[in-house]
Amino acid sequence: MIDVRLLRTDADGVRAALARRTKPELLEQIDQASRLDERLREITAERDETRRRVNELSKEVGQLRKAGETDAAETAMATSRSLGESERTLAAEHDTVSEALHQLLLRIPNVPHPDAPDGAGEEDNPLIKGPVNMPAEFPEHQRVPHWESATALGILDNERATKISGAMFTMQRGLGATLARALCQLALDNNADAFEEIRPPTLVTTATLTATGQLPKFADDAYAIERDDLWAIPTAEVPLTSLYSGEVLDEADLPALMMAHTSCFRREAGSAGRDTRGMLRTHEFDKVEILAVATPEQAPELLTMMVARAERTIASLGLPYRIIEICTGDMGQSHHRSYDIEVYAPGCDRWLEVSSISWFSDYQARRGDIRLRRPDKKGTEIAHTLNGSALAVPRVWAAIIENNRQADGSVVIPDVLLPYMRGATVISPK
RNA sequence: GGAACGAUGGCAGAGCGGCCAAAUGCAUCCGCCUUGAAAGCGGAAGGGUUCACGCCCCGGGGGUUCAAAUCCCUCUCGUUCCGCCA
């Protein structure tokens with residue numbers, strides 16, 4: 001949620017910043033929010049003045065009663081009673097306008113960082129680094145899509161996953177399952193020096209899913225368990241961001257760095273038929289997420305640090321990769337600045353997004369009410385949040401299967417994963 | 001799932017419907033005292049919103065009343081007991 005006060009003091013600045021997202025309808029929404037805010041302030045002032053008089057009169061009633069002046073007390077009560085009527089009307093109007101403004105603000109995206117590159121969409125995302133580890137050409141045996149080679153190796157059994165749970169669910173078996181878990185372990189171990197490991201719940205309340213920005217706008221993309229009013233998390237970002245919601249953190253305790261390995265659940269509504277093969281897009285997958293709650297000053301450096309950490313893990317696997325920055329037209333609604341790491345998969349001949357690292361400025365923290373207190377300052381301020389995937393399993397798994405495929409059809413396991421593979425060094429055909 | 005009790009400031013814990021933003025203790029900060037500290041003494045100190053006056057905040061929501069931390073309803077969470085259970 002953007003700061004309404006910013007809208008008040010610098011409406012033109014907000015307009016200009018959001019115009020960079022190249023969504024014309026946003027500007028209309030901002031104007032509407034400004035109008036609602038103005039109206040809200042008028043009503044609030046009027047309501048508060050009425051309340052002040054009621055409070056005043058009520059005190060008088062008490063004093064008059066005590067003094068035995070019953071008639072005067074009755075008069076004051078009558079006045080207060082009629083004021084109470086108008087107070088109720090004003091309060092109702094206040095609540096209506098306030099709710100309308102709130103709903104509108106929930107849907108207005110974050111302002112992009114001044115240095116975020118301009119652009120209309122995906123095609124304008126600038127390349128920041130790479131390609132790294134990219135061979136001049138790939139031998140024919142690497143040009144096999146993982147859904148074919150992995151199925152042949154017996155480590156991917158999507159046919160049975162579909163039987164059990166329906167389309168777009170996957171299942172790894174044997175060393176394939178071990179490999180998936182090894183990737184998570186690697187990502188956790190690579191970040192354990194700085195990040196506290198958390199094992200959060202994967203079912204969360206509506207309030208929690210709203211705080212991170214998934215609701216109300218993306219309700220169709222999340223699995224809902226209606227009977228209990230719970231939602232399955234699409235990413236560990238959701239519970240981790242809300243870990244400190246409603247709390248005031250001491251500046252000395254920041255940044256709070258957390259990581260978690262969880263299943264992630266996505267309905268992928270609207271993407272039926274796209275990327276449905278193999279492990280490119282699935283309803284349930286494993287991911288290791290890293291996340292920071294920080295002061296505004298700490299945030300830029302943390303963003304760099306988190307990108308570097310995600311990169312280091314990908315690089316250590318020996319996969320061809322590149323880093324791109326997300327331009328204003330392609331940025332997610334909560335993002336302030338954002339980078340993607342992509343891995344090349346020769347079998348499907350595609351760059352696969354395997355990590356997305358973003359700085360949310362105070363957008364999420366305002367929704368989630370995460371604040372910080374400075375030692376010498378009165379009051380509190382809204383914290384900043386950042387998060388990113390340290391490693392998302394399916395696409396990295398797929399890229400390993402394709403990139404490490406040998407001429408005989410076997411797949412060599414990257415060295416950094418060997419400690420987690422129970423002695424296996426290669427996945428061979430049966 | 002059933003029953004009883006509970007939820008108040010950083011923590012603990014008072015609080016006859018009006019004198020309650022809220023006692024007291026601990027913790028914190030600033031003085032005094034001391035070579036320095038502890039103890040003792042004196043003082044300061046909640047959050048949100050507003051340019052400000054003010055308004056709002058005693059788990060959330062609703063109600064009664066001129067007036068609610070206080071009464072009523074409801075939800076959530078916690079504790080204890082019973083039941084069920086991997």
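As the structure is a prediction and not an experimental result, all values here were calculated from the model. Note on naming: letters A, B, ... go to the chains in the order of the sequence lines (proteins, then strands), and numbering restarts at 1 for each one. Every heavy atom of this structure was used, including side-chain atoms; hydrogens, water molecules and symmetry mates were not.
Across the protein-nucleic acid pair, A:R65 atom CZ and B:C16 atom P stand 20 Å apart, rounded to whole Å. One can place NZ of A:K66 at 14 Å from P of B:G17, the figure rounded to the nearest angstrom. Rounded to whole Å, atom P of B:G18 lies 17 Å from atom CG of A:L64. A straight line from CD of A:E46 to P of B:U49 spans 23 Å, rounded to a whole angstrom. Between A:E247 atom CD and B:G47 atom P there is a gap of 17 Å when expressed in whole angstrom units. A:L57 places its CG atom 13 Å from the P atom of B:A68, with the value rounded to the nearest Å. Here B:C56 presents its P atom at 17 Å from CD1 of A:I43, a figure rounded to the nearest Å. Remark: P of B:A67 and CD of A:E85 are 10 Å apart, rounded to the nearest angstrom.
Checked for salt-bridge contact, A:E87 and A:R51 meet the test: a charged N lies under 4.0 Å from a carboxylate O. Taking 4.0 Å as the cut-off between side-chain N and carboxylate O, A:R35 and A:E38 do not count as a salt-bridged pair.
In this structure, A:N55 reaches the B:C56 phosphate: one of its side-chain N or O atoms is under 4.0 Å from OP1 or OP2. Taking 4.0 angstrom as the limit, A:R5 places a side-chain polar atom (N or O) nearer than this to OP1 or OP2 of B:U50. Phosphate proximity of B:U64 to A:R88: absent, as no side-chain N or O sits under 4.0 Å from OP1 or OP2.
B:C56 and B:C41 have their P atoms separated by 38 Å, given to the nearest Å. On the P atoms, B:U28 is 15 Å away from B:C11, given to the nearest whole Å. The separation of B:U8 from B:A69, taken at their P atoms, amounts to 16 Å, rounded to a whole angstrom. Taking atom C1' on both nucleotides, B:G15 is separated from B:C58 by 11 Å, rounded to a whole Å. Distance noted for atom P between B:G17 and B:C72: 11 Å (whole Å). The same atom, C1', is picked in B:A68 and in B:U50; the two are 25 Å apart, to the nearest Å. Here, B:C19 and B:U70 have their C1' atoms 15 Å apart, quoted to the whole Å. Using atom C1' as the reference point in both B:C33 and B:G18, the two lie 44 Å apart (nearest Å).
For A:Y363 and A:H336, the ring centers are positioned 6.0 Å apart or more. The aromatic ring centres of A:F169 and A:H283 sit less than 6.0 Å apart.
In A:Q103, the CD atom is crowded: over 12 heavy atoms of neighbouring residues, nucleotides or ligands sit closer than 6.0 Å.
Summary of the strand contacts: A:E56 and A:R373 both lie near RNA chain B, and taking for each the nucleotide with the nearest heavy atom, the more 5' one is attributed to A:R373. Taking for each of A:R52 and A:G62 the nucleotide of RNA chain B with the nearest heavy atom, the 5'-most of the two is the partner of A:G62.
Residue A:R8 is in sugar-phosphate contact alone, with no base atom involved, counting any heavy-atom pair closer than 4.0 Å across all strands shown. Within the nucleic acid shown, A:S80 comes within 4.0 Å of sugar-phosphate atoms alone, with no base atom in reach, counting heavy atoms only. Counting any heavy atom pair closer than 4.0 Å across all strands shown, A:G379 reaches sugar-phosphate atoms only and no base atom.
The pairing partner recorded for B:A39 is none, the criterion being a Watson-Crick or G-U wobble arrangement whose two distances lie under 3.5 angstrom. Across all strands shown, the partner of B:G6 is B:C77, judged by Watson-Crick or G-U wobble contacts whose two distances both fall under 3.5 Å. Pair check for B:C33 finds none; no Watson-Crick or G-U wobble contact set falls under 3.5 Å. Pairing of B:A45, defined by two Watson-Crick or G-U wobble distances under 3.5 Å, is not identified with any nucleotide. Pair check for B:G1 finds B:C82; Watson-Crick or G-U wobble, both atom distances under 3.5 Å. Base-pair partner of B:C20: not found among the strands shown (Watson-Crick or G-U wobble, both distances under 3.5 Å). Across all strands shown, nothing is found opposite B:U70 as a Watson-Crick or G-U wobble partner with both distances under 3.5 Å.
In terms of modelled atom types and a separation under 3.5 Å, the side chain of A:R21 and the main chain of A:M331 share a donor-acceptor contact.
Out of B:C66, B:C55, B:G48, the shortest distance to the side chain of A:T380 is found at B:G48. Considering only side-chain atoms of A:R41, the nucleotide from B:U50, B:C56, B:C66 that sits closest is B:U50. Relative to the side chain of A:R371, the nucleotides B:G48, B:C55, B:C66 differ in distance, and B:G48 lies closest. With B:C19, B:C55, B:C66 as the candidates, the nucleotide lying closest to the side chain of A:K59 is B:C19.
A:H384 and A:W359 have tilted rings, their planes meeting at an angle from 30° to 60° on a 0 to 90° scale.
With hydrogens and angles left out, the side-chain atoms of A:E69 and A:Q63 include no donor and acceptor closer than 3.5 Å.
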